[in-house]
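A, B, ... follow the sequence lines: proteins, then strands. Residue 1 opens every chain.
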2 protein chains.
Amino acid sequence: MSGERRRRRRPEEAERAILAAARAFLEERPFREMTVEGVMVRTGLSRPAFYAYFRDRYDLVTRLLEGVGGLLFALDWRWLSGGADGGEAREVLVEALRAGSQTFVEYGPVLRAIADAAGYDARVEEVYRYGLIERLVAAVGTRISRDVEAGISPGELDPEETARALVLMTERYLLDAFGRPERRPSRRESAAVFGTIEEIWVRTLYGRE
Amino acid sequence: MSGERRRRRRPEEAERAILAAARAFLEERPFREMTVEGVMVRTGLSRPAFYAYFRDRYDLVTRLLEGVGGLLFALDWRWLSGGADGGEAREVLVEALRAGSQTFVEYGPVLRAIADAAGYDARVEEVYRYGLIERLVAAVGTRISRDVEAGISPGELDPEETARALVLMTERYLLDAFGRPERRPSRRESAAVFGTIEEIWVRTLYGRE
DNA sequence: GTGTCTATTGACGTCACGTCAATAACAGGC
DNA sequence: GCCTGTTATTGACGTGACGTCAATAGACAC
């Protein structure tokens with residue numbers, strides 16, 4: 001019987017190890033099966049060690065979100081601040097949507113875990129809703145409002161509500177397509193997803209062709 | 001000290017009482033706070049009695065869904081089977097959307113609970129996804145496909161994927177608006193929500209005006 | 001080698017769960 | 001009214017995951 005000697009790491013190293021273990025876990029199994037024990041066995045540390053770095057598993061996924069949320073935000077920023085003439089607006093929008101979708105392709109399972117966890121825990125819901133979704137809604141709403149005033153988009157649209165509907169659609173549809181660990185879409189399927197999102201945004205905001 | 005005498009009910013009566021208690025609970029607090037004990041105190045029965053009628057709380061919400069899912073399905077059926085000429089298609093769609101939205105106004109918290117529970121439990125996810133969402137997607141997809149072939153809707157649309165995106169958008173947006181027990185929208189806000197959903201569906205499928 | 005600091009963990013109490021044998025309310029026969 | 005069989009109901013139990021804390025033992029300074 002070997003002594004299974006303990007190891008001792010620097011705090012940030014252990015913390016990164018836990019975050020990496022959580023991410024790896026979520027690449028294989030859904031959040032509902034993620035237990036503190038299940039994450040910690042992948043680090044070689046004991047379960048109680050977890051609580052030296054995170055309050056609970058909701059805190060953990062919240063921290064995972066921090067590494068991804070910024071990406072989504074940075075990308076849509078281009079469209080938000082882009083020029084205000086008709087043809088260009090559409091192109092910039094399409095580019096922003098592609099970039100945002102790409103983030104979901106890469107971090108799908110993590111984002112899915114956050115969305116699931118938002119249903120479990122009030123703090124995660126708060127961070128997800130107001131730290132990500134509502135910020136995107138506000139940004140998109142501002143842009144739509146500007147385009148309506150510029151006459152590029154139709155006046156029947158309620159900017160804020162249209163923004164919310166489109167953002168929620170995109171979030172949900174992308175989670176459905178890329179958030180499930182067990183089902184990775186093919187390149188062809190992914191292209192259909194991207195195309196559909198673009199079609200709906202463009203047709204809603206700028207009309208056909 | 002009075003004897004707190006037990007009462008004895010007929011099975012279906014007890015079962016209905018539990019379902020009613022669950023629904024009442026969800027009108028006040030979110031699913032994540034719903035415990036078996038918390039539901040059963042509202043019935044005057046003990047916690048173990050619950051397990052004579054339901055396997056667990058996920059079984060409970062699944063049963064709640066049965067009383068609502070049919071409504072959503074019946075309503076969209078009209079649009080699905082409606083006539084295939086341009087002007088009429090749009091009107092029938094709008095009517096179907098209003099009816100479906102109305103179901104969310106009435107049963108919002110219950111539907112929200114199911115959606116949350118789908119993140120908790122694989123069986124609920126199965127029922128929700130394949131028993132409700134995917135059935136709606138299939139129905140809507142069929143209709144879109146027909147409209148595309150009839151030349152009413154644009155050929156760029158991928159019927160199946162467009163259906164999925166629109167259904168998920170509508171589900172999510174309506175849950176966001178009407179699924180939170182604590183925040184009931186005013187009549188004005190509700191009208192903005194309905195209008196936005198219609199606008200996106202109509203503009204996507206049939207183009208502007 | 002000795003001592004300090006702190007990362008790590010074994011052991012504990014809690015909470016909600018799901019089960020089961022025991023209990024007692026009701027229905028029906030007399 | 002009394003007895004009796006059926007079954008709705010529950011007290012008591014074992015389980016699994018949680019979050020805490022005092023005790024343990026690496027790592028580094030000297």
Tell me: [atom1] of [X] to [atom2] of [N], nearest whole Å?
{"X": "B:Y51", "N": "C:dT19", "atom1": "OH", "atom2": "P", "result": "8 Å"}
{"X": "B:L45", "N": "D:dT7", "atom1": "CG", "atom2": "P", "result": "18 Å"}
{"X": "A:R10", "N": "D:dC28", "atom1": "CZ", "atom2": "C1'", "result": "13 Å"}
{"X": "A:M40", "N": "C:dG10", "atom1": "CE", "atom2": "P", "result": "12 Å"}
{"X": "A:D59", "N": "D:dG19", "atom1": "CG", "atom2": "P", "result": "10 Å"}
{"X": "B:R9", "N": "C:dC26", "atom1": "CZ", "atom2": "C1'", "result": "14 Å"}
{"X": "B:F54", "N": "C:dC17", "atom1": "CZ", "atom2": "C1'", "result": "17 Å"}
{"X": "B:R7", "N": "D:dT10", "atom1": "CZ", "atom2": "C1'", "result": "16 Å"}

Nearest listed nucleotide, side chain of A:R8, among D:dA25, D:dC21, C:dC26: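 Comparing D:dA25, D:dC21, C:dC26 against the side chain of A:R8, the answer is D:dA25.
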Among C:dT9, D:dT10, D:dA8, the nucleotide that comes nearest once only the side chain of A:P48 is considered: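 Among the listed nucleotides, the one closest to the side chain of A:P48 is C:dT9.
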Checking the side chain of [X] only, and the main-chain atoms of [Y] only, is there a donor and an acceptor separated by less than 3.5 Å?
{"X": "B:S101", "Y": "B:L97", "result": "yes"}
{"X": "B:R112", "Y": "B:L175", "result": "no"}
{"X": "A:S153", "Y": "A:L205", "result": "yes"}
{"X": "A:R57", "Y": "A:M34", "result": "yes"}
{"X": "B:Y58", "Y": "B:Y120", "result": "no"}

Only distances under 3.5 Å count here; give the side-chain donor-acceptor pairs of residues 41-54 of chain A to other protein atoms, sequence neighbours excluded, each with its distance to 0.1 Å.
unit_1, atom_1, unit_2, atom_2, d
A:R42, NH2, A:E28, OE1, 3.0
A:T43, OG1, A:M40, O, 2.7
A:T43, OG1, A:L45, N, 3.1

What does the list of N/O pairs under 3.5 Å between the protein and nucleotides 22-24 of chain D look like, with a distance for each?
none

Sugar-phosphate, base or nothing in reach of A:F50, heavy atoms under 4.0 Å: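 No contact.
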Heteroatom pairs (N/O) under 3.5 angstrom, protein to nucleotides 13-17 of chain D:
unit_1, atom_1, unit_2, atom_2, d
D:dA17, O3', A:T35, OG1, 3.4

Neighbour count above 12 (heavy atom, 6.0 Å) for A:R180 CZ: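 It does: A:R180 CZ has more than 12 such atoms within range.
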Heavy-atom side-chain contact between B:T162 and B:T204 under 4.5 Å: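 Yes. Closest side-chain heavy atoms under 4.5 Å.
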Five-pair end axes of the helix from C:dG1-D:dC30 to C:dC30-D:dG1 and the angle they enclose, rounded to 10°: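 The value is 10°.
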Sequence neighbours left out, cut at 3.5 Å: what donor-acceptor pairs do the side chains of residues 127-137 of chain A make with other protein atoms?
unit_1, atom_1, unit_2, atom_2, d
A:Y128, OH, A:E171, OE2, 2.5
A:R129, NH1, B:D176, OD1, 2.6
A:R129, NH2, A:E125, OE2, 3.3
A:E134, OE1, A:R164, NH2, 2.8
A:E134, OE2, A:R164, NE, 3.3
A:E134, OE2, A:R164, NH2, 3.3
A:R135, NH1, A:G131, O, 3.4

Interface with DNA chain C, restricted to residues 11-32 of chain B and to heavy atoms under 4.0 Å: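 Residues of residues 11-32 of chain B under 4.0 Å from DNA chain C: none.
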Salt-bridge contact A:E27-A:R184 (side-chain N to carboxylate O under 4.0 Å):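 Result for this pair is yes, salt bridge flagged.
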